[in-house]
There are 2 protein chains.
Amino acid sequence: MQKQYTLSRNQKIIFDLIDKSRGPMKAYSILFNVQKKGIKAPLQVYRALDKLVEIGKIHKIESRNAFIACQNSSCQISKATAFSICESCEDVSEISNTKLSKYLSNFADSSGMKYSKYNLEFFGLCKKCKSK
Amino acid sequence: MQKQYTLSRNQKIIFDLIDKSRGPMKAYSILFNVQKKGIKAPLQVYRALDKLVEIGKIHKIESRNAFIACQNSSCQISKATAFSICESCEDVSEISNTKLSKYLSNFADSSGMKYSKYNLEFFGLCKKCKSK
DNA sequence: CATGTAAATGTTATATTATTACATAGTGTT
DNA sequence: AACACTATGTAATAATATAACATTTACATG
């Protein structure tokens, strides 16, 4: 169960935009889209994004510098994320596979590292693009 | 076995620098370090980096926008990468764990996606930083 | 060895992504 | 009211990455 959190004005505007978007959104594309609502500066966007990532409402797709709404209601607050990314159409979807997340959460290598978080990005061709 | 590839002048200069570095290096830090060797512009660095990534001599740490030499002689040419990243000292090491790479290479989710590549980044505290 | 072609290089300018620094305002305690 | 904490506003700038164009090098093959 995800902890409830009251979003502030800017956080809500930006989350709603990302949530409604069909795919991941980039920071400056978000900025252009919310300027009519009074959010004028990059920093205002980045601050909201940081907070939204922190509380797990959105995730950052690191390889794309883009942000996507969390599609997984039982998400462990961004501590364990996995995505599949189509290299042709750039469609991104969040993978919620219990076996995978258990496997990775329990993964321990020989380095003596204690992991608190992971991010996994798969790349390939989505169904649509594959059949083209 | 990794395919042999003759590096060009710039590629060699930049690879050697990254290979000798203790940790991941950022593009502009690379640039500053090779200016005395005649590589003056960002694009020259990025072109070499792109090629080196493509042939698997280095990897990009996406969450850090930094580059590290491949530490795994049997590396599948950057198609399957995993790293552990210390969030305190920013030390990064490449994970070469056969079970993990097999597990991920064989992973198939319900989306019908065909994966050709993945990148996994684990975050936590390394041994040293944990004991501080 | 000339010629074609792919890869690499050099250079300038510019686009994109992200943060620093500083001032102000709102929100919820106690 | 006083306090702490979070969020906001604004300007400037830093850091990361690519576009566009001209030239050169490497090397296979006719």
Side-chain angles (χ1 to χ4, degrees), chain A residues 3-18 21 23-68 77 85 87 90 92 119 121, chain B residues 3-18 21 23-68 77 85 87 90 92 119 121:
Chain A
K3 187 193 157 195
Q4 272 313 320
Y5 188 94
T6 308
L7 299 184
S8 72
R9 194 188 103 92
N10 288 1
Q11 289 161 12
K12 187 162 177 4
I13 290 170
I14 287 171
F15 174 73
D16 285 346
L17 178 67
I18 297 172
S21 158
M25 292 195 75
K26 304 196 141 218
Y28 277 70
S29 147
I30 292 168
L31 177 58
F32 297 142
N33 274 280
V34 297
Q35 276 177 332
K36 48 183 177 288
K37 304 220 172 182
I39 297 175
K40 293 176 203 155
L43 188 49
Q44 294 175 290
V45 172
Y46 280 104
R47 281 198 285 226
L49 290 174
D50 284 351
K51 190 70 190 183
L52 290 168
V53 166
E54 186 193 325
I55 63 177
K57 297 283 288 181
I58 64 173
H59 303 302
K60 181 170 187 180
I61 311 300
E62 292 287 356
S63 65
R64 298 299 186 257
N65 299 317
F67 300 84
I68 193 174
I77 311 197
I85 302 169
E87 289 185 296
E90 292 295 326
V92 173
N119 179 56
E121 298 180 6
Chain B
K3 188 193 157 196
Q4 271 315 319
Y5 188 92
T6 308
L7 300 185
S8 72
R9 194 188 103 93
N10 288 1
Q11 288 160 14
K12 187 160 177 7
I13 290 170
I14 286 170
F15 173 72
D16 286 347
L17 178 66
I18 297 173
S21 158
M25 292 194 75
K26 304 197 142 220
Y28 276 72
S29 147
I30 292 169
L31 177 58
F32 298 142
N33 274 281
V34 297
Q35 276 177 330
K36 48 182 176 290
K37 304 220 172 182
I39 298 175
K40 293 176 202 153
L43 191 49
Q44 294 175 288
V45 172
Y46 280 104
R47 281 197 287 224
L49 290 174
D50 284 352
K51 191 70 190 184
L52 291 168
V53 166
E54 185 193 326
I55 64 178
K57 299 282 287 180
I58 65 172
H59 304 302
K60 181 172 188 182
I61 312 299
E62 292 289 355
S63 64
R64 300 298 186 258
N65 298 317
F67 300 85
I68 192 172
I77 311 194
I85 301 169
E87 290 185 297
E90 291 295 327
V92 173
N119 178 57
E121 299 181 6

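Chain identifiers are assigned alphabetically (A, B, ...) following the order of the sequence lines, protein sequences preceding nucleic acid strands; residue numbering begins at 1 within each chain.
Distances were taken from every side-chain heavy atom of A:Asn10 (C-beta onward) to each of D:dT8, C:dT19, C:dT9; the shortest belongs to D:dT8.
Contact record, B:Lys57 with B:Phe15: O-CE1, 3.4 Å, taken as the closest heavy-atom pair. Across every non-hydrogen atom of A:Gln11 and A:Thr6, the tightest pair is OE1-O, 4.4 Å. Here the shortest heavy-atom pairing between B:Glu90 and B:Ile85 reads OE1-CG2, 4.3 Å. Taking both residues in full, the closest heavy atoms of B:Lys40 and B:Gln44 are given as N-OE1, 2.9 Å, listed atom of the first, atom of the second, then distance. Contact record, A:Val45 with A:Ile14: CA-CD1, 3.8 Å, taken as the closest heavy-atom pair. Minimum interatomic distance between A:Ile68 and A:Val92 (heavy atoms only, all atoms of both residues): CD1-O, 3.7 Å.
Between the side chain of A:Glu121 and the main chain of A:Ser63, a donor-acceptor pair closer than 3.5 Å is present. Using modelled atom types, one side-chain atom of A:Lys26 and one backbone atom of A:Arg64 make a donor-acceptor pair closer than 3.5 Å.
Atoms CG and OG, on B:Leu52 and B:Ser8 in that order, are 8.0 Å from each other to the nearest 0.5 Å. A:Phe32 CZ to A:Leu17 CG: the interatomic distance, rounded to the nearest 0.5 Å, is 13.0 Å. Separating the NZ atom in A:Lys36 from the CG atom in A:Asn33 is a distance of 5.0 Å, to the nearest 0.5 Å.
If you take CG of A:Leu49 and P of C:dT19, they are 10 Å apart, rounded to a whole angstrom. Per the geometry, CD1 belonging to A:Ile14 stands 10 Å off P belonging to D:dG9, to the nearest Å. When rounded to the nearest whole Å, the span between CG of B:Leu52 and P of C:dA7 equals 15 Å. As a whole-Å value, the separation of B:Asp50 CG from C:dA8 C1' is 13 Å. Between the OH atom of A:Tyr46 and the C1' atom of D:dA7 there is a distance of 19 Å, rounded to whole Å.
Contact check of residues 60-68 of chain B against DNA chain D (heavy atom, cut-off under 4.0 Å) returns B:Lys60, B:Asn65. Residues of residues 24-43 of chain A that place a heavy atom closer than 4.0 Å to DNA chain C, in numerical order, are A:Lys26, A:Tyr28, A:Leu43.
For the helix from C:dC1-D:dG30 to C:dT30-D:dA1, the angle separating the two terminal helix axes comes to 30°, with each axis derived from five pairs and the value rounded to 10°.
Within the nucleic acid shown, B:Arg47 comes within 4.0 Å of at least one base atom, counting heavy atoms only.
Between B:Ser8 and C:dT9 there is a side-chain polar atom (N or O) within less than 4.0 angstrom of OP1 or OP2. An OP1 or OP2 oxygen of D:dG9 is reached within less than 4.0 angstrom by a side-chain nitrogen or oxygen of A:Gln44.
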